[in-house]
Amino acid sequence: MSGFGDELRSEQAVVDALYARLDVLRSTARGRLGDVRRAGPSGSPQNRSERDAFATLYGDRLAQLESVEERLVFGRLDATDGSSRYVGRIGLTDDAHASILTDWRAPAAQAFYRATSARPDGVVRRRHLVTRRRTVTGIEDELLDLAGADAPDASTLSGEGALLASLAQGRTGRMGDIVATIQAEQDAIIRSSLTGALVVQGGPGTGKTAVALHRAAYLLYAHRRVLERSGVLLVGPSTSFLRYIDQVLPSLGETGVVATTIADLVPGIRARGVDSPEAARVKGLALMQRVVRRAVRTRERVPARDVPIRLDGRALTIRRHDVREAIARARRTNKAHNLARATFVREMLGRLADQYGTHLGERLVDQDRADVVEDLRVHRDVQVALNLAWLPMSPQWLLEDLLAKPHRIAELAPELSARERAAIVRPKGSPWTPADVPLLDEAAELLGEDDQVARAQARAETAERAEALEHARQVLASTGAGGGMVDAEQLAERFATTGPRLTTAERAQADRAWTYGHVVVDEAQELSAMAWRALARRCPTRSFTIVGDVAQTSSPAGTRSWARALEPVFRDSWRIDELTVNYRTPSLVADAAQRFAHASGLPVSPLVSARDVDDALAVVPATQGTLVDSAVDQALTLASTFVGSDGAGRVALVAVPSRVAGLRDALAAATPGRLGADLAATLAAQPQDDAQLVVLTPQEVKGLEYDAVVLVEPAAIAHGDGGASDLYVAATRPTRRLVVVHAEEIPAGLVA
Ligand SMILES: Nc1ncnc2c1ncn2[C@@H]1O[C@H](COP(=O)(O)OP(=O)(O)OP(=O)(O)O)[C@@H](O)[C@H]1O
């Protein structure tokens, strides 16, 4: 016992020393930031820009140092050669630049997550340090030098005590990082190569989201030079999901990540409309790329007959033959429609000017010809005729026009059935929907934007950056500034991005045509073929992390097969990995969900729960008349156990959309009597997407988790729009308890 106390004390001494170092670094960064700020806005523009650059750098560094206060260090590795190293959320060095804490993403930390008795990797002992604030409260050792140990199976947990402690914590409504307890199968995915597309398939709660985010953090660390410039795009299913995960990356100290949904993918488009399931499905079909292409092509057309016009009293003709040749010539440029139009117009005006010359009986040259061309260019009838032959269009105009005209859809989408065509017709002026966004993106690509300005700007920026780098080198050499905290590249980046210029993430977000160094897609099974095309366009190197579960697909445009979804875009440059341990749901609940999923024929991945919780599953029968009251009663009982006035703990009622309003009203009416007026008022004031006690649909809880869930009438959920997948999703949200309230028969398998 005293041995353990000694160990604890000696680890406390190490932890104290690491925090002391952290404090020193913080105060140095704070001091430098203060010095820079005190210098004020005087001096030459050059001096000011340098100061701004240092201020941003020290500010960022300080923010990073502040963000690792909790669990700065969480592990220790003892090697066979007698050396040991500590692993933590960032790397630290002492005054002599010797490493005293290894960043979890560094190669030297890998063994902390991967070493096993079968493959100890030079490690004899892995120690998990459990800390509360700056105090070591526990130590958990794993000895890895056991000769002849069996190979572990996938469900062998590393640092089980630390892991289970972290899983048992109350939900806060925000996802936290898992750096202290990443499991071997997860670590292999996190550190997998940057090239190609990596698909991570796994059942609910297997850590796919956590792994995807930690992989983004790892890639930004391991490939900083590439990815800081180009940025990483993170695509999630909803804004409330993005909110749920937005603490994870900053707490890992990363920037340069643009988080978005498909609905918000195209700058300037706010897609808040809602499609019918059938419309969403049809708009997502791969053949829609052909429909959009045809919609563009049919605006490059030869008129039915020659068009007579008059210029200065002379009769000219816009001849069908000329239009045909001008169109062919413009198409040969291989440029996008709006850009190739310049060639078409130039060609047509030239031909008309030649006709004019023929009328005059002379061949027009130089200024005379240029003047006639100009007169023709501004001639209204010419403009009308040329527009009819080659219409300049915005993506919005094209799509709005197409969807508002059943005869155009019939003409351009003959592959669709009459019912499918009818599903996508809608009046002009309707709001954009998420399924419109990939179509708008496709159209934008075919129509083209005038990118000459942007390209010139990019060239200028490259030249400026080279200059900034050289300048930064000189500054560092001459001032000795940086003190090991800054390198020339970082400083150059700051010089380049201070002032009116924007960060990588900001620039990327504003630019539809931005190409990212890596794309992370969560809940990827929901994406349509058209959405995949839009994402692929944003990363020509096809470096993707794709996480999802084809058993949880609820979107009618989504997929049940990775191969079918990905092959059109990635061909054979994608690989698949599977996660099989469920870290969220207690085994009773996970088993129930798995049984139901199997019984429903969903393509489920194998799943083993990491833990068991007593009383994790309850079934409460009700009648149609008592269903709502009974569900609310159960939710309030759960809330009194799990929901705290300190903001911790989350309880959700999940029901089909048609029941949501009734449940919300009943819940609001009953809460004060059951939880007290104060807590009821606190809960009522919380925003819907961060409330501790909520009523939501299965679609809305996708990707999220709660301490406890009341599943209201599972049969109705299983027969709703998202079908069995919706019930599978809803049943796998709780970390501690699932209560099933039903009047109809419970779907097969859900209860043993
Ligand atoms: N190694 C780990 N250590 C601690 N917690 C973990 C670990 N892996 C996953 N978790 C936790 O398990 C829960 C489920 O993780 P996550 O949401 O990433 O799963 P998922 O596979 O994306 O689930 P779903 O498919 O249901 O959306 C989260 O609370 C996450 O923090």
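Whatever order the structure lists ligands and atoms in, that order sets their numbers, starting from 1.
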Notebook entry, point to check: Can you find a side-chain donor-acceptor pair between Tyr86 and Glu11 that sits under 3.5 Å?
Noted result: yes

Next item on the list: Around atom 30 (C) of ligand 1, find the nearest protein heavy atom and jot down its residue, atom name and distance.
Entry: Met175 CE, 3.9 Å

Next item on the list: Please state which part of Leu163 comes within less than 4.0 Å of ligand 1, counting heavy atoms only: side chain, backbone, both or neither.
Entry: side chain

Notebook entry, point to check: Quick one: which ligand 1 atoms are inside 4.0 Å of a heavy atom on Ala210?
Noted result: 18 (O)

Check: Where is the nearest protein heavy atom to atom 23 (O) of ligand 1: which residue, which atom, and how far?
Finding: Gly205 N, 2.9 Å

Checklist line | Part of Lys702 within contact of ligand 1 (heavy atoms, under 4.0 Å) | finding: neither

Next item on the list: Would you check the N or O atoms of Gly202, main chain and side chain alike, for any that come under 3.5 Å of an N or O of ligand 1?
Entry: no

Check: What do the steps show when you test Phe112 against His128 for ring-ring contact (aromatic ring centres under 6.0 Å, His included), and what is the final call?
Finding: CA-CA 9 Å; Phe112 183 72; His128 287 263; 4.9 Å; yes

Notebook entry, point to check: Considering only heavy atoms of Ile182, which atoms of ligand 1 have at least one such atom less than 4.0 Å away?
Noted result: 1 (N)

Check: Backbone or side chain, does any N or O of Val211 fall under 3.5 Å from an N or O of ligand 1?
Finding: no

Next item on the list: Give me the one residue out of Ile189, Asp187, Val211 that meets side chain to side chain contact (heavy atoms under 4.5 Å, CB included) with Ile182.
Entry: Asp187

Next item on the list: Report the C-alpha separation of Arg575 and Asp577 in whole Å, then their side-chain angles, then the decisive distance to 0.1 Å, and conclude whether the salt bridge (Lys or Arg N to Asp or Glu O under 4.0 Å) test is met.
Entry: CA-CA 7 Å; Arg575 55 195 193 279; Asp577 245 320; over 6 Å; no

Next item on the list: Taking atom types as modelled, find out whether Gln634 and Thr637 have a side-chain donor-acceptor pair closer than 3.5 angstrom.
Entry: no

Checklist line | side-chain contact (heavy atoms from CB on, under 4.5 Å) partners of Ala593, counting only residues at least two apart | finding: Tyr728, Ala731, Thr732

Notebook entry, point to check: Just one of Val73, Leu72, Thr102 clears the side chain to side chain contact (heavy atoms under 4.5 Å, CB included) bar with Ile90, so which one?
Noted result: Leu72

Checklist line | Shortest protein heavy-atom distance from atom 4 (C) of ligand 1, along with the residue and atom involved | finding: Thr181 OG1, 3.1 Å

Item checked: N or O pair under 3.5 Å between Asp549 and ligand 1 -> no

Margin query: Counting non-hydrogen protein atoms only, what is the nearest one to atom 20 (P) of ligand 1? Give residue, atom name and distance.
Written below: Lys208 N, 3.4 Å

Item checked: Nearest-neighbour protein heavy atom for atom 17 (O) of ligand 1, which is reported as residue plus atom name and distance -> Arg584 NH2, 3.1 Å

Next item on the list: Among all protein heavy atoms, pick the one closest to atom 15 (O) of ligand 1 and tell me residue, atom and distance.
Entry: Gly207 CA, 3.5 Å

Note to self: If you take the centroid of each ring, where Trp contributes its six-membered ring, are Phe642 and Tyr706 closer together than 6.0 Å?
What the structure shows: no

Check: Between Ile178 and ligand 1, which residue portion shows a heavy-atom distance shorter than 4.0 Å: side chain, backbone, both, or neither?
Finding: side chain

Next item on the list: Could you pull out, from Gln201, Glu523, Gln525, Glu705, the option with a heavy atom nearest to atom 29 (O) of ligand 1?
Entry: Glu705

Next item on the list: If you have a sec, work out which protein heavy atom is nearest atom 8 (N) of ligand 1 and how many Å separate them, to one decimal?
Entry: Gln186 NE2, 3.0 Å

Notebook entry, point to check: Glu705 pairs by salt bridge (charged side-chain N to carboxylate O under 4.0 Å, His left out) with which of Arg650, Arg736, Arg584?
Noted result: Arg584

Margin query: Any heavy-atom pair between the side chains of Ser587 and Arg611 that's under 4.5 Å?
Written below: no

Notebook entry, point to check: Are the aromatic rings of His223 and Tyr218 close, with centres under 6.0 Å apart?
Noted result: no

Item checked: Per atom 10 (N) of ligand 1, closest listed option by heavy atom (Phe241, Tyr244, Tyr113, Tyr583) -> Tyr583

